[in-house]
Asks: 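Below you will find the structure I want to go over with you.
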Amino acid sequence: MPDITVKLPDGSEKQVPEGATVLDLANAIGPRLAQAALAGKVDGALVDIERVLSDGDVVEIVTDKSPEALDLLRHSSAHVMAEAIKALHPEATFGVGPSIEDGFYYDFKIDTQLTPADLAAIEERMAQIIAEERTFDRAELTKLEAHDLFEGDPFKQELIDELPEGEIISIYREGVFTDLCRGPHVPHTGRIGAFKLMKLAGAYWRGDSSRPMLQRIYGTAWFTQKDLDDHLERIEEAERRDHRKLGRELDLFSLHENAGAGLPLYHPKGARMLRIIQEWLRQELYRRGYDEVITPHVYKADVWKTSGHWDNYRENMYFFQIDEGGGHVNDYGIKPMNCPGHIMVFQNDLRSYRDLPMRLFEFGTVYRHELSGVMHGLMRARGFTQDDAHIFCMPDQVHDEVIAMLDLVDYVNGVFGFEYTAEVSTKPEKSIGSDEDWEHATDSLKSALEARGMEYEINEGDGAFYGPKIDIKLRDAIGRTWQTATIQVDFNNPERFDITYRTAENTEARPFMLHRTILGSMERFLGILIEHYAGAFPAWLAPVQAVVIPIADRHLEHCDSVRARLAATGLRVEVYADQEPMRVKIAKAQQQKVPYMLVVGDKEVEADVVSVRERTRGDIGQMGLDDFAKSVLEA
RNA sequence: GCCGACGUAGCUCAGCUGGUAGAGCAACGCACUCGUAAUGCGUAGGUCAGGGGUUCGAGUCCCCUCGUCGGCUCCA
């Protein structure tokens with residue numbers, strides 16, 4: 001049999017017999033590679049290990065070390081789960097079952113509603129399938145054949161319909177389950193080292209709330225039990241850091257059933273933290289040429305009609321009627337956004353090009369009637385405060401303004417030690433504004449990112465209808481990402497409110513408007529910080545920076561004096577005066593994650609010093625009050 | 001809004017197939033006055049989320065509402 005020649009990733013070439021598969025190639029290279037082989041990559045496309053090679057193919061062997069390996073494993077796991085479901089519920093029809101971050105899911109329709117207890121039975125069945133080391137058998141058919149094969153399965157029919165005419169459609173068969181699937185899969189089910197079904201949920205077919213609701217099972221899968229255990233440990237770590245739990249334990253905020261969903265109440269310590277962050281950011285904004293404004297929380301409906309919210313954002317707004325007397329009744333709306341207020345400030349005077357750019361910021365509390373199912377502690381609430389700003393500028397100023405915003409983003413994230421990435425969203429199908437404006441604005445965003453040497457991804461067509469935007473996603477201490485800052489160009493509002501400025505040529509022109517938040521929602525950002533720091537805030541953020549701990553009652557008076565003198569330097573200090581042993585007070589302070597504990601006993605009173613215990617380092621010895629205050633304030 | 005689970009003391013939770021509510025921590029009181037992560041004893045604390053229904057009897061079963069949790073969706 002004649003040989004064919006394939007190229008390997010390192011540039012070398014290998015001769016294999018005609019008809020050889022990826023697995024044959026792996027075997028020819030080495031038995032250990034063949035053992036580890038999961039799939040192949042031919043000319044950049046993932047293929048099954050049984051795929052027959054052609055002369056000239058560039059072939060890479062995919063093993064569990066490859067970046068694609070987990071995706072492959074999880075996709076195969078989804079099929080195994082589907083087979084288990086099909087075996088237990090023969091009437092099941094299936095939607096889609098992709099691999100996702102950390103796992104997989106499959107959507108399906110069966111006659112009964114599953115309960116969490118049913119997951120165990122499915123897991124058991126999956127374990128059997130895995131033990132049997134079943135293969136995923138690929139077959140190729142035409143669209144017509146595929147329609148026949150999946151007769152009676154409306155979901156697969158719909159998916160098949162959407163495939164391009166004439167395309168070869170592949171299916172994978174494994175036990176009782178046959179699926180429309182591009183593939184590839186791992187060589188056999190035995191390669192799934194460890195898996196666990198995580199949760200049961202409802203999901204609309206194709207994410208569309210007007211379509212049927214399917215059942216969805218989420219699972220996770222790994223090559224080894226250890227990897228699974230590590231993953232479960234990470235989930236537990238995230239639970240320990242949950243801001244809702246820590247918010248209660250650290251007495252930062254609460255939620256009350258009677259107050260209404262999504263309306264958190266901030267306790268003294270939580271409020272203090274929000275104000276610390278706010279004041280820090282305010283000073284930074286002043287330094288960067290912003291001016292603060294304060295605008296109303298409610299406007300007459302006319303404002304919302306002008307802005308378009310009345311027509312387009314109504315379901316998300318709180319409206320109410322007021323009897324003004326004399327038979328006049330007015331509609332008012334509580335602001336879901338700050339833009340109209342800032343625009344009215346801009347509009348209040350004739351503006352000249354000399355006034356631009358005009359940077360107005362506000363810590364603006366807004367209310368949005370979010371759907372009842374989406375609330376999540378501080379992360380998703382109905383009332384929250386944006387660190388909002390609107391920049392009114394000329395088109396050729398956009399670039400520099402965006403650079404300045406990115407610089408601010410970088411500074412702010414650096415303070416908290418967040419790494420971050422950027423995404424640019426471009427013109428969607430439905431949009432307003434001229435193509436030139438879109439192009440100019442999008443280019444300005446991109447070039448600003450480039451000028452700062454930042455990498456970015458493009459979300460094609462994902463911009464708002466009124467302009468392109470940059471989204472910033474940051475990565476917290478345990479690797480989770482959060483979308484915070486948004487820099488958004490707005491072609492809509494300048495139009496709607498008909499705002500203009502005088503150019504150098506004494507003509508009227510429409511300013512560009514940039515909308516941006518750096519933290520996003522102050523409260524949500526606090527939630528992110530709680531989870532990022534696991535409640536153990538750096539001293540500058542900590543609501544209580546130090547507690548003074550008397551060893552015995554006779555030291556109380558001196559403790560009060562210590563507290564008063566430290567408070568005079570601006571430190572936030574409490575005395576733990578309860579009649580408990582010192583070690584109990586230390587335990588409580590540690591639990592409250594207070595950065596410093598100042599122990600005062602006979603020796604300290606005598607020398608007018610405190611014994612400093614640092615939260616993480618323990619006892620660091622005696623210090624004078626001035627030195628202590630200085631060390632904290634400088635930290 | 002939709003699907004599912006859940007809601008018992010301030011917190012964490014127990015309470016079998018219906019028989020009239022319990023623990024630990026916290027709180028309060030008393031004793032202890034203590035040297036770097038939890039002293040002992042005692043007291044008090046619940047319209048079992050709210051409303052309706054079934055039943056001789058409901059924390060437990062059914063319905064509605066509110067809220068929470070996990071998803072979906074939305075995010076001008």
Side-chain angles (χ1 to χ4, degrees), chain A residues 95 100 105 107 109 113-119 198-218 239 242 244-245 248-249 251 254-263 304 307-317 336-337 339-340 366 368-377 380 430 432 462-467 469 471 483 486 488 490 492-493 496 515 520 549-556 578-593 597-604 611-615 617-622:
Chain A
I100 55 172
Y105 67 80
D107 288 347
K109 184 172 177 302
Q113 172 61 49
L114 294 179
T115 69
D118 296 319
L119 294 185
M198 303 300 286
K199 51 202 172 196
L200 189 59
Y204 295 111
W205 169 234
R206 318 217 83 177
D208 183 341
S209 58
S210 68
R211 321 245 355 221
M213 170 77 64
L214 306 180
Q215 300 192 56
R216 171 178 294 183
I217 297 177
Y218 285 92
E239 279 168 10
D242 192 315
R244 293 165 299 188
K245 180 174 176 297
R248 182 171 53 239
E249 288 172 5
D251 199 16
S254 56
L255 292 156
H256 296 262
E257 187 173 333
N258 293 335
L263 299 168
W304 304 116
S307 70
H309 288 86
W310 180 268
D311 288 329
N312 299 303
Y313 200 58
R314 218 178 161 166
E315 320 74 66
N316 284 299
M317 285 181 67
M337 297 197 286
C339 346
V366 297
R368 297 178 184 176
H369 190 261
E370 303 285 357
L371 293 179
S372 63
V374 305
M375 255 70 76
H376 180 87
R380 195 70 190 269
K430 186 187 141 208
I432 67 148
D462 209 31
F465 77 96
Y466 55 83
K469 65 175 176 175
D471 285 324
Q483 204 252 299
T486 300
Q488 169 89 57
D490 186 344
N492 185 41
N493 272 305
R496 282 181 170 275
H515 166 112
I549 297 179
I551 286 180
D553 285 356
R554 62 180 177 279
H555 309 122
L556 257 177
D578 285 355
Q579 296 195 2
E580 294 161 324
M582 178 194 70
R583 63 181 180 285
V584 174
K585 293 176 188 169
I586 285 176
K588 284 183 177 169
Q590 288 284 153
Q591 216 160 42
Q592 287 296 304
K593 302 175 197 285
M597 284 144 269
L598 309 177
V599 175
V600 173
D602 291 336
K603 288 178 275 182
E604 287 77 12
S611 276
V612 181
R613 178 191 166 95
E614 208 266 349
R615 179 174 57 201
R617 285 188 295 160
D619 191 350
I620 57 172
Q622 294 188 342

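Below, all heavy atoms of this structure are taken into account, side chains as well, without hydrogens, waters or symmetry copies. This structure is a prediction, so every number in the text was calculated from the model and none was measured. Just so it is clear: chains get the letters A, B, ... in the order the sequence lines come, proteins before strands, and each one is counted from 1.
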Asks: Picking from B:C11, B:C66, B:U73, which would you name as closest to the side chain of A:Glu257?
Replies: B:C66
Asks: Side chain of A:Gln591, base of B:A38: donor and acceptor closer than 3.5 Å?
Replies: yes
Asks: Touch check for A:Asp602, heavy atoms < 4.0 angstrom, all strands: base, sugar-phosphate only, or nothing?
Replies: base
Asks: Confirm from the modelled atom types if A:Tyr204 and B:G71 form a donor-acceptor pair under 3.5 Å, side chain to base only.
Replies: no
Asks: With a 4.0 Å cut-off on heavy atoms, is A:Ala201 in touch with a base, just the backbone sugar-phosphate, or nothing at all?
Replies: base
Asks: With C1' as the reference atom in both, quote the distance from B:A38 to B:C75 in angstrom, rounded to an integer.
Replies: 46 Å
Asks: Have a look at A:Ala464 and say if it touches a base, only the backbone sugar-phosphate, or nothing, with a 4.0 Å heavy-atom cut-off.
Replies: nothing
Asks: Taking the C1' atom in each of B:U54 and B:C64, what is the distance between them to the nearest angstrom?
Replies: 15 Å
Asks: Provide the distance between the two P atoms, one in B:C41 and one in B:A49, to the nearest whole Å.
Replies: 32 Å
Asks: Do the charged groups of A:Lys469 and A:Asp462 touch, with an N to O distance under 4.0 Å?
Replies: no
Asks: Between B:G71, B:G35, B:G67, spot the one nearest the side chain of A:Ala261, thanks.
Replies: B:G67
Asks: Answer yes when A:Asp208 and A:Arg206 have at least one side-chain N-carboxylate O distance shorter than 4.0 Å, and no when they do not.
Replies: no
Asks: Tell me which nucleotide, if any, is Watson-Crick or G-U wobble paired with B:U43 when both distances must be under 3.5 Å.
Replies: B:A27
Asks: In terms of side-chain heavy atoms of A:Arg248, which of B:U36, B:G71, B:U12 is nearest?
Replies: B:U12
Asks: For A:Ser611, answer base if it contacts any base atom (sugar-phosphate contacts may also be present), sugar-phosphate if it contacts only those atoms, and nothing otherwise; contact means non-hydrogen atoms under 4.0 Å.
Replies: base
Asks: Which part of the nucleic acid does A:Glu604 contact within heavy-atom distance under 4.0 Å: base, sugar-phosphate only, or nothing?
Replies: base
Asks: Contact class for A:Tyr105 (heavy atom, under 4.0 Å): base, sugar-phosphate, or nothing?
Replies: nothing
Asks: Looking across every strand, which nucleic acid part, if any, lies under 4.0 Å from A:Gly373 by heavy atom: base, sugar-phosphate, or nothing?
Replies: base
Asks: What I want to check is whether an N or O donor and acceptor connect the side chain of A:Glu370 with the base of B:C75 at under 3.5 Å.
Replies: no
Asks: Scan every strand shown for a Watson-Crick or G-U wobble partner of B:G67, both distances under 3.5 Å, and answer none if you come up empty.
Replies: B:C6
Asks: Within the structure shown, what part of the strands sits under 4.0 Å from A:Lys603 by heavy-atom distance: base, sugar-phosphate, or nothing?
Replies: base
Asks: Nearest nucleotide by nearest heavy atom, which residue falls closer to the 5' end of RNA chain B, A:Gly207 or A:Ile586?
Replies: A:Ile586
Asks: Base, sugar-phosphate alone, or nothing: which one does A:Arg380 contact when heavy atoms must sit under 4.0 Å apart?
Replies: base
Asks: Side chain of A:His376 only, heavy atoms from C-beta on: which candidate in B:G70, B:U39, B:C32 is closest?
Replies: B:G70
Asks: A:Gln579 has a side chain; which of B:A38, B:U33, B:C69 sits nearest to it?
Replies: B:U33
Asks: Using the P atom in both, what is the distance from B:U73 to B:C66, to the nearest Å?
Replies: 23 Å
Asks: What's the closest nucleotide to the side chain of A:Arg613 if the choices are B:G35, B:A37, B:C66?
Replies: B:A37
Asks: From B:A27, B:C3, B:G1, pick the nucleotide closest to the side chain of A:Lys588?
Replies: B:A27
Asks: Which part of the nucleic acid does A:Met375 contact within heavy-atom distance under 4.0 Å: base, sugar-phosphate only, or nothing?
Replies: sugar-phosphate
Asks: Give A:Gln215 one of three labels, base, sugar-phosphate or nothing, depending on what nucleic acid heavy atoms sit under 4.0 Å from its own.
Replies: nothing
Asks: Between B:G71, B:U33, B:G1, which nucleotide has the shortest distance from any of its atoms to the side chain of A:Leu371?
Replies: B:G1
Asks: Both distances under 3.5 Å, Watson-Crick or G-U wobble: report the partner of B:G57, or none.
Replies: none
Asks: How far apart are the closest heavy atoms of A:Cys339 and A:His515, and which atoms are they?
Replies: SG-ND1, 4.2 Å
Asks: Does any nucleotide pair with B:A14 by Watson-Crick or G-U wobble geometry, both distances under 3.5 Å, and what is it?
Replies: none
Asks: Taking B:U60 as the reference, what is the distance to B:G53 when you measure between their P atoms (whole Å, please)?
Replies: 14 Å
Asks: Quote, to the nearest angstrom, the P distance that separates B:C32 from B:U17.
Replies: 50 Å
Asks: From B:A38, B:G35, B:C3, pick the nucleotide closest to the side chain of A:Val599?
Replies: B:G35
